[in-house]
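For reference, the structure is listed below as structure tokens.
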Amino acid sequence: VTGPRRLTFGALLHGSGGHIAGWRHPSSPPGGQLDLDHHIRIAHALERGTFDALFLADVVAIWGQDLDSLSRTARADHFEPLTLLAALSTVTERIGLVATATTTYNEPFHLARKFASLDHLSGGRAGWNVVTSVVPLEAGNFGRDTHLEHGSRYRRADEFVGVVRALWDSFADGAVIRDRAAGRYYDPAGLRPPHHEDEHFTVRGPLNISRPPQGHPVIFQAGSSETGKDFAARHGEVIFTAQTSLDGGQAFYADLKARAASHGRDPDQVLVWPVLAPFVASTEAEARARLDELQELVHDDVARRLVQDNIGDLDLSCYPLDGPVPEIGATNRSKSRQDLLLGLARRENLTIRQLALRFASASSVVGTPEAVADHIETWFRGRAADGFNVSFPYLPGSAEDFVDQVVPELRRRGLFRAEYEETTLRGHLGLRRPERGSPASAVATTEAGVR
Amino acid sequence: MTAAGTRPDRRRELHLNAFLKPPGEFLAAWRHPNAVADAGVNIRHVIELARTAERATFDAIFFADLVGVPFADQEVLSRVSVVNDSFEPTTLLAALATATSRIGLIATASTTYNEPYHLARTFASLDHISGGRAGWNLVTSLNDAEARNFGLDRHVDHELRYERAAEFFAVVTGLWDSFDDDAFGRDQKTGVYFDAAKLHRLDHRGKHFAVTGPLNIPRPPQGRPVIVQAGSSETGQALAASVADVVFTHHPDLAAAQAFYAELKARAAAAGRDPDHVVVLPGLSVVVGSTTAQAQEKLDRLTSLLDPRIALADLAYWLGGFDLTAFPLDGPLPDLPASNQSQSAQRVLVERARAGGLTIRQLAQQLARDTRTIVGTPESIADHIQEWFEARAADGFNVIFPYLPDTLDDFATLVVPELRRRGLFRSRYTGRTLRDHLGLPRPASRRAATEVAQLAPVRTRPAS
């Protein structure tokens, strides 16, 4: 996979929009979260814009336990991601289908199988965003009183990903021969069940589905802590990041590529995707007005919860919304995000509400199609990004605006494809297909792997 | 004289479920010249099957499932298809939901190797995606190979599995009632997305599970996806009578089927349920021809494709996974310990061997020839269906297709029209949901009802 660098794009598909008040936008259907036709319409718009992938974030719980704020957001009603992606697979042609699934509250056999199934259903368009879960509410749905500690979550995740890959490799490429005359469905020499036994999992295998069309569905990752970045550098093929400044983005990009290289990986086979929330209009002022319109729809309770949910388990209800952000100790939440938010609040002396609205619009890029394209080009050429995870603030409006206005501009600049050139997600992204060779080479790999 | 507890005044309707294994039920079906060799992972093929079944106005299509391969011997395993290479059923049903519009979508999922939160969520999601067409065949799993994919050495014991299943079911149905039906107002003007008073945490703490909830999806369109149960053991029947909307079963003859039917309906009535709301569907494997001889010829051609080693391995599997190679093939079936897999499958086979004085080889051959399969003309098969239906041995059938797509195509174009001519089967869908097709009411939320009842006495005046 050589040639000039090309931009790649994923779209965060949250039916009600990525902005916390997106569901209230007058142009959005209020029931978008569970409206399948709405999702299909967005998927079709994204395919028109030759997006590489659409992506479903996920939490295996409601997204917040404070009912006053939760009941004012579209964060308690979600399709289960793998069923939604499977439903979309038969009504789309080319776009990649990526879902979050947690290694903390799943079994590797089930996940390996579902993503392999999705890859077969979609003709090689599946991707898995590996997360270790950050929301405490999830623990309670799986028999645990508290969430697993940060370090042990990642140890489990490491082993989990290894098991999943081994399950996907149960059959060698070409081992499933389906020879009707001889009555032989697969060549036994090409079967290698994992027989895995380690700290967290004992999984014999084989997986009961042939090797995914992509070999392995594409692995996405979003870790930003030290442990998380290291995990991403070892396993991730597309890395999401919440970096918001060009400097920060460049530093993250360089760090991650260097880490990948230090693990013996080709850094070009690891793509970095910052989040981008576009507000596009024909004038800068009009684009700004679109953002302001949504920000004004954020209720006080929701603003308070935005800060709480992203910093950790703390109670802000006794602090005035328009007063300063109080001192906060360590929590069992994403450390990187906590540092980012608190640093910002201190530097700029923000009130709780101001911090909340900053967070609600953290990755926003506001402007004309040219200005948004400029931003994308600057980050891309400045090696702060190989592409972007686009979080559309309200749907379908902002996705259709982006596809109809920004994408053509990027194509004019020769930065983005005019039509799909490949059929699989790996193909779109320029990622090599992991081969699982003949029995002879498989033996060699196994021996190397043991050491 | 009618079966215990049923009401003779209500017009009964025949129900048909299409049990789809994409290459066909028969182990060697994938080798048939008209079969699609990669059927298990060929979505175009499976969509065609689903659409054929929908044109024939089947109530539902159904996909069985295992979470592990059933044979250890590579010489056997490498010669069968569907257990090695199939879509995962819930993702498959979701894909089919957008490719069909009316037919019910049922999948097997195990209570032994899943977490209730994931399963409740997946089937609720499927019910929303399909507009109320989802069904869950609750199983407790079958074999040791499945256990070994989930950190256990051997399969969980029969009684413990069913105990876990009962609690699992309570958690899943509790989670489905997390939100009242009208909880989500989604008022853009006021900014209130849902009514917090209509959200109910589960806070379940039992022997097997601790689940806080709530589920992160609104109540399913059907209230509950349709619950299917197929265990015919004593514990399985008890579970079916208390929770199942549909029961899959198998019987060698009319009398046995009638006895089971009467027993199950009586048990359901005893559990306080309307017996008409438990739909009993015996398995019916069919090959249709324009003459019986032609149908028999089709079946013979199919069964000749099966390697005898696979027949023997399949017999050993259904007897409980015991090694039969130590016993002489031409000797009698030895006494076996109770199966920890399917007790009812073992019982049926042992009874058949004892009754016919069959050797191991003969029993394996019978299984291989698939003697459960009925061969006949459209009229004779319709006669069979009508007889069982009217004699209250069945409310309909779980139709099994020995090889696909042929036997489904034949059933849809030859048998279904005959059933319609006789006024036994619908000629178009009248409802939208799977519950509608099956004549089942939509269950009310237990949480919403309970809380209204609790609130009522303390309310001092009517809400204005």
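In what follows, chains carry the letters A, B, and so on, assigned in the order in which the sequence lines appear, proteins first and then strands, with residues in each chain numbered from 1.
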Contact class of [X] relative to chain B, heavy atoms under 4.5 angstrom:
X: A:Ser89; value: side chain
X: A:Asp179; value: backbone
X: A:Asp37; value: neither
X: A:Val163; value: neither
X: A:Tyr186; value: both
X: A:His196; value: neither
X: A:His299; value: neither
X: A:Ala139; value: neither
X: A:Leu36; value: side chain
X: A:Ile62; value: both
X: A:Ala182; value: backbone

Neighbourhood of chain A inside residues 124-136 of chain B, taking heavy atoms under 4.5 Å as contact | B:Ser125, B:His128, B:Ile129
Look at [options] and state which one has the largest set of heavy-atom pairs under 4.5 Å with chain A.
options: B:Leu77, B:Leu305, B:Val171; value: B:Leu77
options: B:Arg205, B:Arg44, B:Lys189, B:Glu75; value: B:Glu75
options: B:Ala145, B:Gly40, B:Ala183, B:Pro218; value: B:Pro218
options: B:Thr90, B:Ile43, B:Ile217; value: B:Ile217
options: B:Arg31, B:His32, B:Arg201; value: B:Arg31
options: B:Val80, B:Asp307, B:Leu215; value: B:Val80

With chain B as the partner, which of [options] has the greatest number of non-hydrogen pairs under 4.5 Å?
options: A:Arg72, A:Arg184, A:Glu107; answer: A:Arg184
options: A:Arg144, A:His39, A:Glu197, A:His110; answer: A:His110
options: A:Ser117, A:Ala86, A:Ser71; answer: A:Ser71
options: A:Leu84, A:Leu70, A:Leu118; answer: A:Leu70

The side-chain contact (heavy atoms from CB on, under 4.5 Å) partners of B:Ala99 (sequence neighbours excluded) come to B:Ile47, B:Arg51
Checking [X] side chain against [Y] main chain: does a donor-acceptor pair fall under 3.5 Å?
X: B:Asn216; Y: A:Ala61; value: yes
X: A:His44; Y: A:Val91; value: yes
X: A:Gln33; Y: A:Gly15; value: yes
X: B:Ser81; Y: B:Ala28; value: no

Can you spot which of A:Asn106, A:Thr103, A:Thr102 makes a side chain to side chain donor-acceptor pair (under 3.5 Å) with A:Ser133?
-> A:Thr102
So what's closer than 4.5 Å to chain A heavy atoms on B:Gln74: side chain, backbone, both or neither?
-> both
State whether the number of non-hydrogen atoms from other residues, nucleotides or ligands found under 6.0 Å of B:Arg432 atom CZ is greater than 12.
-> no
Are side-chain N/O atoms of A:His14 and A:Arg75 paired as donor and acceptor at under 3.5 Å?
-> yes
